[in-house]
Colleague: 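First the structure, which I've put down as structure tokens, then a few questions once you've had a look.
Only heavy atoms go into these numbers, but all of them, side chains included; no hydrogens, no water, no symmetry mates.
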Amino acid sequence: MKTRDRILFASLRLFNEQSERSVTTNHIAADLGMSPGNLYYHFRNKEAIIYELFLRYEQRTRDFLQVDTTASLTWEDILAYFRSIAGNIWEYRFLHRDMEQLLNNDAALLQRYRTFAQEVIRSGRQIMTVMTRQGLIAASDAELDALIINIWVITTSWAPFLHSTAVFGELDTDLSQEMIQRGIHQVMYLLKPYLRGDAVQALQSLPPLYA
């Protein structure tokens, strides 16, 4: 693995485990057994590392949301989209947990994030349109617009929500994949009033949200 990739890999692990604000470039260098100067040769500061990690997260999200609007979609395809998103959130969970602080500290990241958000919302709206055409949901254009915004709010705010509330009990440890998955279930129940056909049966097979 190239040194630059090793730095990114270690940084992601440390940020996820300890939170971004608790990890310095010195911590990252020590974890890798390299000098801070060697790290700075590849990244001028911690913000540059975070920005690069965000670009990777962004590209993975973009790849997951690619959809052929002329193809047929099943409810299993839709669930696969959400599972992929949940997996991506888990792998880069520090971004969601610490997002407000990260955006406040880096104007370039804030601008990039805003562009990314608009792109994801457009892609999500396309998927919702295909779902409507396939008879998986029944909703007006206004309802679809509201749904995709609400889905964005839930998926991007789920991690800080878990840390700031005790809805599922106090967090003795960091986020778990199960906790992230519950956020996806929350989205499923948000869609419930609009589901039709096979999607209705599929939702019934999900575990209760607050079990």
Side-chain angles (χ1 to χ4, degrees), residues 54 57-93 95-97 99-100 102-103 110-165 167-168 175-211:
F54 176 77
Y57 167 81
E58 177 187 74
Q59 185 57 53
R60 286 193 62 183
T61 303
R62 184 180 293 116
D63 292 342
F64 291 145
L65 293 178
Q66 291 297 317
V67 61
D68 181 356
T69 57
T70 65
S72 296
L73 286 179
T74 66
W75 181 247
E76 280 303 317
D77 294 326
I78 302 304
L79 288 178
Y81 280 118
F82 285 117
R83 291 183 184 121
S84 296
I85 291 170
N88 203 30
I89 291 173
W90 168 251
E91 185 166 349
Y92 291 86
R93 56 193 177 276
L95 287 173
H96 290 267
R97 185 183 56 213
M99 182 59 72
E100 183 176 2
L102 296 175
L103 297 182
L110 174 60
Q111 186 56 50
R112 184 83 188 194
Y113 183 81
R114 286 174 172 171
T115 302
F116 164 73
Q118 293 168 9
E119 179 182 349
V120 170
I121 288 171
R122 286 194 300 269
S123 296
R125 183 63 168 81
Q126 288 180 336
I127 293 172
M128 300 286 281
T129 299
V130 175
M131 290 174 66
T132 302
R133 190 173 66 239
Q134 295 295 325
L136 296 173
I137 61 175
S140 67
D141 286 342
E143 288 169 331
L144 291 178
D145 289 339
L147 276 171
I148 196 61
I149 293 295
N150 289 341
I151 290 171
W152 170 266
V153 171
I154 289 174
T155 54
T156 58
S157 303
W158 189 247
F161 166 78
L162 290 172
H163 275 276
S164 61
T165 69
V167 171
F168 300 115
L175 295 172
S176 67
Q177 287 180 290
E178 180 185 1
M179 292 176 186
I180 296 298
Q181 191 63 44
R182 285 194 178 195
I184 299 304
H185 289 180
Q186 184 75 44
V187 171
M188 297 295 101
Y189 284 100
L190 179 68
L191 289 171
K192 183 177 180 180
Y194 305 95
L195 297 181
R196 300 294 184 271
D198 294 341
V200 176
Q201 298 298 322
L203 183 63
Q204 292 174 352
S205 67
L206 292 175
L209 183 63
Y210 294 99

Colleague: Quick one: side-chain contact (heavy atoms from CB on, under 4.5 Å) partners of R112, sequence neighbours excluded?
Modeller: Y51, F54, L55, E58
Colleague: For residues 117-124, dump all side-chain donor-acceptor pairs below 3.5 Å to protein atoms at least two apart in sequence or in another chain.
Modeller:
unit_1: E119; atom_1: OE1; unit_2: R62; atom_2: NH2; d: 3.2
unit_1: E119; atom_1: OE2; unit_2: R62; atom_2: NE; d: 2.7
unit_1: S123; atom_1: OG; unit_2: E119; atom_2: O; d: 3.2

Colleague: Among residues at least two apart in sequence or on other chains, which ones pass side-chain contact (heavy atoms from CB on, under 4.5 Å) with L110?
Modeller: L103, R114
Colleague: How close do I151 and F82 get, heavy atom to heavy atom, and via which atoms?
Modeller: CG2-CE2, 4.3 Å
Colleague: Just to verify, what does Y57 make a ring-ring contact (aromatic ring centres under 6.0 Å, His included) with, not counting sequence neighbours?
Modeller: Y92, H96, F116
Colleague: Tell me, please, which residues at least two apart from F64 pass side-chain contact (heavy atoms from CB on, under 4.5 Å).
Modeller: R60, S84, N88
Colleague: Taking everything shown except E100 itself, do over 12 heavy atoms lie less than 6.0 Å from its CD?
Modeller: no
Colleague: How many angstroms lie between CG in L195 and CG in L190, if you round to the nearest 0.5 Å?
Modeller: 10.0 Å
Colleague: Are L65 and I85 side-chain neighbours, meaning at least one heavy-atom pair lies under 4.5 Å?
Modeller: yes
Colleague: Which heavy atom in R196 sits nearest to a heavy atom in A138, and how many Å separate them?
Modeller: NE-CB, 3.7 Å
Colleague: Tell me, do M131 and Q134 make a side-chain contact under 4.5 Å, heavy atoms counted?
Modeller: no
Colleague: Can you list the residues that meet the side chain to side chain donor-acceptor pair (under 3.5 Å) rule with N150, with sequence neighbours excluded?
Modeller: none
Colleague: Heavy atoms only: give me the nearest I154-G183 pair and the separation to one decimal.
Modeller: CG2-O, 3.9 Å
Colleague: With a 4.5 Å cut-off on side-chain heavy atoms, are V130 and R133 touching?
Modeller: yes
Colleague: In Å and rounded to the nearest 0.5 Å, what is the CD1 to CD distance from I89 to E91?
Modeller: 12.0 Å
Colleague: Going through the distances and angles, do M128 and L147 end up as a side-chain contact (heavy atoms from CB on, under 4.5 Å)?
Modeller: CA-CA 9 Å; M128 300 286 281; L147 276 171; 3.7 Å; yes
Colleague: Could you pull out all residues at least two apart from D145 that satisfy side-chain contact (heavy atoms from CB on, under 4.5 Å)?
Modeller: R125
Colleague: Whether the side chain of Y81 engages the backbone of Q66 through a donor-acceptor N/O pair (distance < 3.5 Å, no angle test) should be reported.
Modeller: yes
Colleague: Please list, chain by chain and in numerical order, all residues satisfying side chain to side chain donor-acceptor pair (under 3.5 Å) with S140, sequence neighbours excluded.
Modeller: E143
